[in-house]
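In what follows, chains are A, B, ... by sequence order, proteins preceding strands, each numbered from 1. Here the structure is a predicted model, which means the values were calculated and not measured.
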Number of protein chains: 2
Amino acid sequence: MGVTIKDIAKETGFSVATVSRVLSNKVGFFSQETAAIVNAAALKLGYKKNMAATELVTQKSSIIAVIINSTKTNFSDPIIEGIQQKANEADKRVIILYAGDHDFRSQQRALTTALERPLMGILLLSVDLFADNLQLLKTANVPFRFISISFQDPDLKYVASDDWQIGYLATKYLLKKGHRKIGLAGVDIESSAHTGKLRLAGYQRALIENNITPQKDWIQTGNYSYKAGLNAMKNYGQQKNVSAIITGSDLVGIGLLNQAAKMNISIPNDLSLITIDGTYLCRIVQPQLTSITQNFYSMGYLGAEYLISNQRQNAFTDIQISERGSVRKLTAADSEN
Amino acid sequence: MGVTIKDIAKETGFSVATVSRVLSNKVGFFSQETAAIVNAAALKLGYKKNMAATELVTQKSSIIAVIINSTKTNFSDPIIEGIQQKANEADKRVIILYAGDHDFRSQQRALTTALERPLMGILLLSVDLFADNLQLLKTANVPFRFISISFQDPDLKYVASDDWQIGYLATKYLLKKGHRKIGLAGVDIESSAHTGKLRLAGYQRALIENNITPQKDWIQTGNYSYKAGLNAMKNYGQQKNVSAIITGSDLVGIGLLNQAAKMNISIPNDLSLITIDGTYLCRIVQPQLTSITQNFYSMGYLGAEYLISNQRQNAFTDIQISERGSVRKLTAADSEN
DNA sequence: CTGAAAGCGCTTACAG
DNA sequence: CTGAAAGCGCTTACAG
């Protein structure tokens, strides 16, 4: 439909081979004068390279496909920014595909759309693949890597936070603030990704190191959603057996916060809250939420880098505590509680 | 690199032509027995069609490229869901490209990435293109359509809400609640998209119809961001010359809400607030925000439909008022204010 | 420095 | 119903 190198060849009198060399800048294979003529013609005719043809003949692609849940993982933006940044530096292109909200067919469609064309590689942002889809991916012979979730399966490479450390650190922080009855809410410990299990383990370890035996009702699992936060708070109930809670995501934290408000439980006066993620959402609610902040941008950047350079190992990105005022320091006077 | 139809031809003894016909399901051109053999072989060998080759030869594509700002336009998710839904129904594929945060180079990169391969068409989600990039798009000879913003330029087709109506309706609503000093905050009236100007015009019209002359300081423009909300509230100031404000986006509304809290102005007791958009963000803040709710899903669905069916006209999607408690009804007693 | 030719993986008239 | 052949837009040894 559009202008092709053949048109430019005709226009300039050069062969398509020469035109191709100029346009794909094979330095050393053409003179400056030729280049000037060809480029001028290309500009004049409004030439746009058909990368599909290039990819077909070169058998490689500069496209990185990013697969992402359509559900609200509000941290995907900084991850994608990181990916874009690295991709730009390496002269790669990024396309994004929505894999639905944990829906088999949508996942499959996204995967197929990606795999049906030449690709540099695939990055999956916290997409918990169904077994068959994972199989599809594994057999596709295209490099891939997960971002923000981790797995036991040694075939599945990832860049993520150290989720054990997240659980451990959050708990230690609350302990240091004088809390001893500490809850964990909204993490998924059923998923094939072991993110939730790791956080739980880190949490348990920190408690045990401090001679605290985690109570059954301190832990309210969930799927990292806003609703999981609401439900968790309902389950803790008015009498709540905890003085502080670690929430599995910012949305869980906000859900919990709002449900607490509905139950006339004030944060941080009656209940402390530290959330995992630390996205902008923490700053737009009242009170702002203290968080274990993940470095999502870095996750994306590193994920792209490892994919591009064909690294085989996993990587962790840094985490930090961002204090914003949803955690109260317990004093001796509180101990009667 | 992968398995090709040539491999299947070799495996089955059929010609590549026949294999191609079976695999692309050209009914009437093959027998059921042949199909069974070919399909079995394809499955066995793990064949995956190379769509780049197909697109090259057929000169058409089933790919819809969606271009989107990386900045937090939190309503893009439902739009994309709508697009996906329609695309699935029409057996099209969707890829998404990030165009940065109003950055010329990023826009250009996204556009080029899209235009450098066969494409069914392009959908742009509230991307305010720089002039040169718009030119690039216009000359590309690929159908395109904007979603959620509208233009005067008759070359630029769109599916959006009726923004004049939004401004008008929001104002009428507040008038009905007894407000007469009504502000408008965080809308962009400089942009090449005339969304902001339309909202302003609708707002002004509603006031004038009620014999109210809009005061200069009732209007605080901005770029629809959280920060624009903070700034707007600072500008209204402690003495605030308005009793109710219409905010240009949910983020503006939340910014304004939080800044008001900081200034000890209580919403809705001291100040009423109605926001434009009505995304989930309205429901996770306290108080929840009353909104003019846009039908983003429908925007996406219709945008894709119009693109696919090559419609030429523009379209508006429906809007509605969602009352959530950030607007107070003024009584006679308030009138002394 | 340049061109003729083969070929990437597919589709589709054309002929049988 | 099937196959041989041409061709989509590009790249790249090979020969000059």
Task: B/Ile37 CD1 - D/dT2 P separation (whole Å) - done: 9 Å
Open item on the list: Is there, by distance only and without an angle test, a donor paired with an acceptor across the side chain of A/Arg117 and the base of C/dG9 below 3.5 Å?
Closed with: no
Open item on the list: Base, sugar-phosphate or nothing for A/Thr58? Non-hydrogen atoms, less than 4.0 Å.
Closed with: sugar-phosphate
Open item on the list: Only Watson-Crick and G-U wobble pairs with both distances less than 3.5 Å should count. Give DNA chain D in dot-bracket notation, marking inter-strand partners with |.
Closed with: |||.||||||||.|||
Open item on the list: Taking side chain to side chain contact (heavy atoms under 4.5 Å, CB included) as the criterion, tell me which of B/Leu123, B/Ile67, B/Ile68, B/Ile64 meets it with B/Ile96.
Closed with: B/Ile68
Task: Given C/dT2, D/dA13, D/dA5, the nucleotide with the shortest approach to the side chain of B/Ala17 - done: D/dA5
TODO: For atom NZ of B/Lys138, decide whether the heavy atoms of other residues, nucleotides or ligands shown that lie under 6.0 angstrom number more than 12.
DONE: yes
Open item on the list: For B/Ala53 and B/Gly28, find the nucleotide of DNA chain D closest to each by heavy atoms; which residue's nucleotide sits nearer the 5' end?
Closed with: B/Gly28
Open item on the list: Quick check on DNA chain D: between A/Phe29 and A/Val16, whose nearest nucleotide comes earlier from the 5' end?
Closed with: A/Val16
- [ ] Over 60° means perpendicular and under 30° means parallel, so classify the ring planes of B/Phe146 and B/Phe144, tilted if in between.
- [x] perpendicular
Task: Rounded interatomic separation in angstrom, taking CZ from A/Arg21 and P from D/dG9 - done: 20 Å
Open item on the list: Is it the case that the side chains of B/Tyr98 and A/Asp77 hold a donor-acceptor pair, with the cut-off being a distance below 3.5 Å and no angle test?
Closed with: yes
Open item on the list: Applying a 4.0 Å non-hydrogen cut-off, can you work out what A/Ser20 is touching in the nucleic acid: base, sugar-phosphate, or nothing?
Closed with: base
Task: Nearest-Å distance for atom pair CG/C1', residues A/Leu56 and C/dC10 - done: 8 Å
Open item on the list: Looking at A/Gln107 and A/Asp128, would you say the former's side chain and the latter's main chain have a donor-acceptor pair under 3.5 Å?
Closed with: yes
Task: Residue B/Thr34, side-chain atoms from C-beta onward, closest of D/dC1, C/dC10, D/dG3 - done: D/dC1
Task: Separation between the C1' atoms of D/dG16 and D/dT12, rounded to whole Å - done: 16 Å
Show me the donor-acceptor pairs, under 3.5 Å and distance only, between side chains in residues 18-26 of chain A and residues at least two apart or in other chains.
{"residue": "A/Thr18", "atom": "OG1", "partner": "A/Ser15", "partner atom": "OG", "Å": "3.4"}
{"residue": "A/Ser24", "atom": "OG", "partner": "A/Ser20", "partner atom": "O", "Å": "2.6"}

Open item on the list: Distance check needed: D/dG7 C1' versus A/Lys6 NZ, whole Å only.
Closed with: 8 Å
- [ ] Grab the CG-C1' distance between A/Leu23 and D/dC10 for me, whole Å please.
- [x] 11 Å
- [ ] Compute whether any side-chain donor of one residue and acceptor of the other, for B/Glu89 and B/Gln85, lie under 3.5 angstrom apart.
- [x] yes
